[in-house]
Every structure is written in structure tokens, then in C-alpha cells.
Amino acid sequence: KWDSKLHADVIKDLSGDDLWVWLETNGYEWVNISLAYKQVIIALLSDFCHFVYEALNCSVKAKLAVSFSLLRKPFKENLLYLEWLLIDPKDFMQRFYYEGPKALDLSTALDKERKIQIIQAAIEKSRLGNWIPTEFLYELRYMKAAPYGFEGLWNHATHLVTNFEQYRTSPQNFNFVFSNDDDRLAQWQHFYSFVPLILYHAIEVVDALIATIGERAYKQVDITNLRRDIGILLWENDIHFDDEYKISLSKEIRQIFNSEFMECPGCSNKIRFGKRNLVSLYRHGEISCGACRKKINLLEPHYEAILPPPL
């Protein structure tokens, strides 16, 4: 709270650095820290999105070396900072505001155990709770020896020659330079087997973070979240992980599509969510009744009442 009406009136005429300095020198450092917290979230998220967007575009164009190179920073750095902000904002802001860059250098400031702890706590704060093994998510992003991890591909994409045992450059070769069609198919297979998983987690982290600094202007069901859940469900059905790293999205997400939640507004029969309806809902926001064949566009506001509740 402001100490006086005079102070509240003064800041109305201040902005930028002038406002920042005035707050700092008049006992309102807490306001600066709060503002910095919000700005850091937005800045890290914007940077994350720019890199991932370009990586996805490059993948579409078969520029896979560039695509993998672009994913390294957002998945290894931006996302961990966002997870850290979510689970321990006081620690993060203490380091950011008072201690300087060394306190935030991920190569020295956090050891493996602390990174795993941060990722685990961030997963627990997501809508789905413990939906993915923490070690698996950590190894995807940081474990050099993990055969399914990104470290090998990131290093191959960034360096022409690598000598680490798990991703050593093959004889008479340069990394990614001489990729043939089979190589590119293998690279794409890895890309689309794991990138959606990390992006889904990232969105859950960001949603939880944004909730700490503001509320939605409206409370109705968000069709975007619903379509994202369906997309990851359809993706999971096509991916086969080892039992040790089996993710458990299907059960939780399928529960929201129980036929009891939706009745056809045309004939009142219960609508079933088989694969055809799930695909249609994901791609077009549309489902159809199996009994009367009525097509229902859930993007239209008046159908909000029949949507299943969010997780």
C-alpha cells in the first residue's frame, strides 16, 4: 500500500526509469520487484515462443539442423527459468534483482538435483499433476547419454564434429551436412515424438504462471485448452514409449469426454467421442451426433453449455 495520497499522486506523472528510481528511493522496492517478476515472465515467454515458432517453421521446410539448433535455448534455459519462477519466485527474484547473472547461470547455479526438483514441482502445479515422470522430462532436455534425449541432436545441429561417446561424428562425415532421406526421416521421427510432449508441459507451466499475475476476463470453458488436450491425446495414441516412461495423459483426458457430459441439442442423444469426433474437434472445433448426424460447431458461443468441464 502507498504510504500517503501524496505518493500515489506523484507516481501518476512518472514512467520508465524515472518511476523505477523514484520507487527504489522512496521505500517501494517491493513494487519494483513485483513489476520485474511480471516483466521477466513475459520476456522469457516471448523469447521462448520466437525460437520455438522458427524451429517449427524450419522443420516444415526440412531445415532440420536449424530446427534442432533453435530448440536448444528455449527447452534448456527459458523453460527452466519459467519453471523456477513458478515454484520458487522468491528465490528466483532474489537472485535476479540482487545477486546478478552468476546467481542465475544454469551451468553453475543449479546442480542436477535442484533442476530435477524444480521440474518435479512445476509438473505438480500443472492441471494434470504428476502426468509425466520427472526423470524422463529432465533426461529429454539435459541428459547427454540418453539415447532419446535432445542433447545429441542439439550438438550435432550446432557442431560439425562431436566426439562425445554417445553422439560421436561418424567417420568421413560432418554432423547433419550429409543427411539423406532416411536420416531426415529419423530426425523428424524424433522431433515429432518428443517436441509436442515438452511443449504441452511448457504451456501448462505458463498457464499456471500467468494465473499468479492475473485472472481471465471470462470464466467460460476455453475451447483452445480443450483442443490442445485432444491434440496431445491423439498424439499419444501414435507414440510408443517404454513402460518405464509411460505418460498417463489418456486416462485423465478421456474422462472429460465421458458421454454423460454432452447431449445433442438436436435429438438429445448422448454424443460419443470416438476418434472421428476427436479429430474433427481438434481440427475444426466441430463434432457430429451419431444419431441425427447434426454437426455442432463448439466455437460458437451458444454451444458453451454443452462443453465438458475443464480438467
Side-chain angles (χ1 to χ4, degrees), residues 36-37 40-49 51-52 55 68-158 162 164-167 190-191 193-210 212 241-242 244-249:
Y37 169 76
V40 166
I41 291 173
I42 300 304
L44 286 172
L45 176 58
S46 175
D47 189 63
F48 178 94
C49 290
F51 274 80
V52 171
F68 280 108
S69 294
L70 287 169
L71 288 177
R72 186 182 186 280
K73 187 179 80 160
F75 285 175
K76 288 193 72 171
E77 300 182 28
N78 295 58
L79 181 52
L80 187 63
Y81 284 136
L82 291 168
E83 291 164 329
W84 193 354
L85 278 162
L86 175 62
I87 68 103
D88 199 350
K90 289 184 178 180
D91 178 42
F92 183 96
M93 293 309 298
Q94 168 69 27
R95 295 170 185 246
F96 179 83
Y97 198 85
Y98 296 108
E99 298 179 28
K102 282 189 176 180
L104 291 172
D105 185 342
L106 295 179
S107 63
T108 56
L110 303 177
D111 59 15
K112 175 182 176 180
E113 287 70 27
R114 178 58 173 156
K115 288 176 182 175
I116 290 175
Q117 181 187 43
I118 289 171
I119 294 170
Q120 173 64 41
I123 294 171
E124 291 173 355
K125 281 182 174 288
S126 72
R127 287 178 308 147
L128 299 177
N130 291 307
W131 63 274
I132 183 172
T134 304
E135 287 281 351
F136 183 36
L137 194 54
Y138 172 84
E139 290 170 5
L140 278 176
R141 294 153 59 189
Y142 297 103
M143 191 73 172
K144 293 183 182 297
Y148 47 79
F150 280 97
E151 275 288 354
L153 287 162
W154 286 337
N155 278 278
H156 275 194
T158 306
T162 50
F164 188 77
E165 181 181 356
Q166 301 298 326
Y167 46 83
H190 191 281
F191 188 98
S193 291
F194 297 105
V195 169
L197 187 67
I198 298 177
L199 288 180
Y200 189 87
H201 167 68
I203 294 172
E204 291 296 308
V205 169
V206 170
D207 276 352
L209 258 178
I210 296 301
T212 69
F241 294 108
D242 294 338
E244 181 182 359
Y245 297 113
K246 181 64 177 174
I247 59 177
S248 56
L249 281 168

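Everything numeric in this text was worked out from a predicted model, so none of it was measured. Because only heavy atoms are used, hydrogens play no part in the values below, and waters and symmetry mates are left out as well, while side chains stay in.
Between the side chain of Arg95 and the main chain of Leu104, no donor-acceptor pair closer than 3.5 Å is present. No side-chain donor-acceptor contact under 3.5 Å links Thr162 to the backbone of His156.
Of all heavy-atom pairs between Ala145 and Gln166, the closest is CA-CG, 3.5 Å. Among all heavy-atom pairs drawn from Phe51 and Pro74, the shortest one is CB-CG, 3.7 Å. For the pair Leu86 and Ala208, the tightest heavy-atom approach, listed with the atom from each and the gap, is CD1-CB, 3.7 Å. Of all non-hydrogen atoms in Glu77 and Leu106, the two that sit nearest each other are CA-CD1, 3.7 Å.
Side-chain contact between Ile87 and Glu124: absent, with no pair of heavy atoms (C-beta onward) separated by less than 4.5 Å. With contacts defined as side-chain heavy-atom distances shorter than 4.5 Å, the pair Ile41/Ile210 qualifies. Within the 4.5 Å cutoff, the side chain of Leu71 has no heavy atoms near those of the Lys76 side chain. Looking only at side-chain heavy atoms (C-beta outward), Phe75 and Leu199 come within less than 4.5 Å of each other. The shortest side-chain heavy-atom distance between Ile132 and Ile123 falls under the 4.5 Å cut-off. The shortest distance between side-chain heavy atoms of Phe150 and His190 falls below 4.5 Å.
Under the salt bridge (charged side-chain N to carboxylate O under 4.0 Å, His left out) test applied with Arg141, the options Glu135, Glu151, Glu83 reduce to a single match, Glu83.
Between Lys144 and Glu165 there is no salt bridge, since no side-chain nitrogen of the basic residue lies less than 4.0 Å from a carboxylate oxygen of the acidic one.
Rounded to the nearest 0.5 Å, atoms CG (Asp111) and CD1 (Ile116) are 9.0 Å apart.
Environment of NZ in Lys125: sparse, with no more than 12 heavy atoms of neighbouring residues, nucleotides or ligands closer than 6.0 Å.
When only modelled atom types and interatomic distance are considered, Thr212 and Tyr37 share a side-chain donor-acceptor pair under 3.5 Å.
For Trp84 and Phe96, the ring centers are positioned 6.0 Å apart or more.
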